[in-house]
Amino acid sequence: MTNLCLYSPTDLAKYVTPRAGETKLGEEIITLTDLNDLENHPAEYVIFGIPEDIGVRANYGKEGARSTWNDFLSSFLNIQKNKFNNPENCILLGHINTDAFITDAAKIQEPEKLGSIVDAIDDVVTEVVTKIVRANKIPIAIGGGHNNAYGIIKGTSLGLERSINVLNIDAHTDLRAINYRHSGNGFSFAKDRKYLAKYAVFGLHKNYTPTYIFDAMDTDNHIEYVLFEDMLHLSHLEKLVKYKKTSDFLDDYYGLEIDCDAIENFNSSAITPTGFSVTNIRGFLNIARKQDVVYLHICEAITSQNPTIAKSLSYFVSDFIRRNP
Ligand SMILES: N=CN[C@@H](CCC(=O)O)C(=O)O
């Protein structure tokens with residue numbers, strides 16, 4: 001697969017600060033030299049990056065998510081291996097090579113034209129995810145724009161040979177019109193193409209959803225949304241109960257999306273002053289990791305100006321893959 005850069009232990013070593021007597025995840029996490037070896041490996045999770053923000057640009061958003069993957073690695077690979085964190089259950093695959101897409105996109109301003117590059121990225125994401133899911137593994141993708149939800153849903157659906165349910169923790173529905181591809185219509189495309197079965201948006205903000213999307217959701221019994229405004233008075237524990245109820249609608253069998261613009265004051269393409277806390281998200285992941293989650297996608301974060309953002313993402317992933325309490 002020419003559009004995927006696989007990593008070696010030497011590639012990872014540059015992110016790790018070793019300490020005598022300690023082991024960091026980056027020193028023992030599994031890497032592959034051949035994608036076909038996925039099938040034979042017993043690890044449950046496969047982590048990869050999608051370093052792009054072309055879909056965000058095509059949706060009039062703030063760029064920056066293209067460097068998130070790299071910053072995530074600097075944080076994640078320095079987590080301690082201990083009785084709570086086991087690198088043996090996890091393959092760190094590499095990243096989708098987006099260099100050519102980014103070079104092409106830099107010459108383009110028109111959103112529709114950027115959309116055709118997003119289309120091409122979709123194809124690569126779909127291929128990588130299909131391969132991971134066919135090998136009976138759970139993909140964990142770090143974006144990138146939310147446009148990549150489409151390739152991830154499609155790839156998971158093709159890999160499982162069925163349409164899939166999705167729970168999206170997001171201030172927005174991303175159910176915009178299917179005119180051209182961008183970060184605001186990944187779920188409408190996935191639904192239109194029948195890769196998406198039931199869809200739940202958790203933490204939707206009243207202020208940023210147009211009437212046509214509310215109307216469409218209100219008449220579709222395969223879609224449910226929980227407004228963030230309806231959770232303003234709720235404690236952390238009560239929010240966890242709401243999350244569990246939302247996952248019940250999806251029969252506890254779903255792909256999990258975390259758009260970081262659902263998190264309060266968290267730098268992202270549509271940063272918000274009000275939303276979930278990082279600790280709320282960790283609580284949701286603590287529920288999700290015990291359910292039948294077919295993939296995890298974390299997207300739209302911009303890590304470059306604040307080191308706590310990449311560190312938060314690394315908490316999210318380590319919480320999700322944790323098998324010991
Ligand atoms: N993935 C993000 N989608 C949002 C972006 C909103 C914004 O940039 O303000 C949406 O289309 O609604």
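Numbers for residues simply follow the sequence, beginning at 1.
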Colleague: Backbone N or O of D215 within a donor-acceptor pair of the T219 side chain at under 3.5 Å?
Modeller: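 Yes, T219 side chain to D215 backbone: donor-acceptor pair under 3.5 Å.
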
Colleague: What's the shortest heavy-atom distance between R322 and N85, and which atoms?
Modeller: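 Scanning both residues completely, I find the closest heavy atoms to be NH2-OD1, 2.8 Å.
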
Colleague: For H146 and H172, what are the C-alpha separation, side-chain angles and deciding distance, and is it a ring pair (Phe, Tyr, Trp, His ring centres under 6.0 Å)?
Modeller: CA-CA 10 Å; H146 215 164; H172 313 92; 9.2 Å; no

Colleague: Indicate yes or no: does R134 engage E39 in a salt bridge with an N to O separation below 4.0 Å.
Modeller: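 No.
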
Colleague: I'd like to know if D53 pairs up with R66 as an ion pair, taking the criterion as any Lys NZ or Arg NE/NH1/NH2 lying under 4.0 Å from an Asp or Glu carboxylate oxygen.
Modeller: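 Salt bridge: yes.
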
Colleague: Could you tell me which non-hydrogen atom of H205 sits nearest to which non-hydrogen atom of G275, and how far apart they are?
Modeller: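 Of all heavy-atom pairs spanning H205 and G275, the closest is NE2-CA, 4.3 Å.
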
Colleague: Taking the six-membered ring of F316 as reference, does the NZ or CZ atom of R282 fall below 6.0 Å from its centre and within a 45° cone about the axis?
Modeller: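 The answer is no; the distance or angle limit is not met.
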
Colleague: Can R57 and E52 be counted as an ion pair, charged N to O under 4.0 angstrom?
Modeller: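 Judged by the 4.0 Å cut-off on N to carboxylate O distance, R57 and E52 do not form a salt bridge.
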
Colleague: Could you tell me which non-hydrogen atom of I152 sits nearest to which non-hydrogen atom of V129, and how far apart they are?
Modeller: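 That closest heavy-atom pairing would be O-CG1, 3.6 Å.
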
Colleague: Taking the six-membered ring of F249 as reference, does the cationic atom of K198 (NZ for Lys, CZ for Arg) lie under 6.0 Å from its centre and within 45° of its axis?
Modeller: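 Yes, K198 sits over the ring of F249.
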
Colleague: Evaluate salt bridge (Lys or Arg N to Asp or Glu O under 4.0 Å) for E27 paired with R19, printing each intermediate quantity in order.
Modeller: CA-CA 11 Å; E27 293 172 286; R19 269 180 195 269; over 6 Å; no

Colleague: Of all heavy-atom pairs between C5 and N97, which one has the smallest distance, and what is that distance?
Modeller: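 Result for this residue pair: SG-CB, 3.7 Å.
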
Colleague: Nearest heavy-atom pair of P51 and I96: which atoms, and what distance?
Modeller: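 P51 and I96 have their closest heavy atoms at CD-O, 3.4 Å.
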
Colleague: Enumerate the ring-ring contact (aromatic ring centres under 6.0 Å, His included) contacts for residues 33-67, please, sequence neighbours excluded, ordered by first and then second residue.
Modeller: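 For residues 33-67: Y45-F320.
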
Colleague: With a 4.0 Å cut-off, would you call D319 and R289 a salt bridge?
Modeller: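 Judged by the 4.0 Å cut-off on N to carboxylate O distance, D319 and R289 do not form a salt bridge.
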
Colleague: Give a yes-or-no answer on whether the side chains of S183 and N147 include a donor-acceptor pair shorter than 3.5 Å.
Modeller: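 The criterion, which ignores hydrogens and geometry beyond distance, is not satisfied for N147 and S183.
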
Colleague: Looking at S247 and Y254, what are the two nearest heavy atoms and their distance?
Modeller: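 Closest approach of S247 to Y254: CB-CE2, 3.6 Å.
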
Colleague: Per the ring pair (Phe, Tyr, Trp, His ring centres under 6.0 Å) rule, which among F202, F187, F214 passes with Y225?
Modeller: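 So the option named by the test is F214.
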
Colleague: Taking only residues at least two apart or on different chains, which pairs with a member in residues 151-169 satisfy side chain to side chain donor-acceptor pair (under 3.5 Å)?
Modeller: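 Residue pairs with at least one partner in residues 151-169: N168-D170, N168-Y199.
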
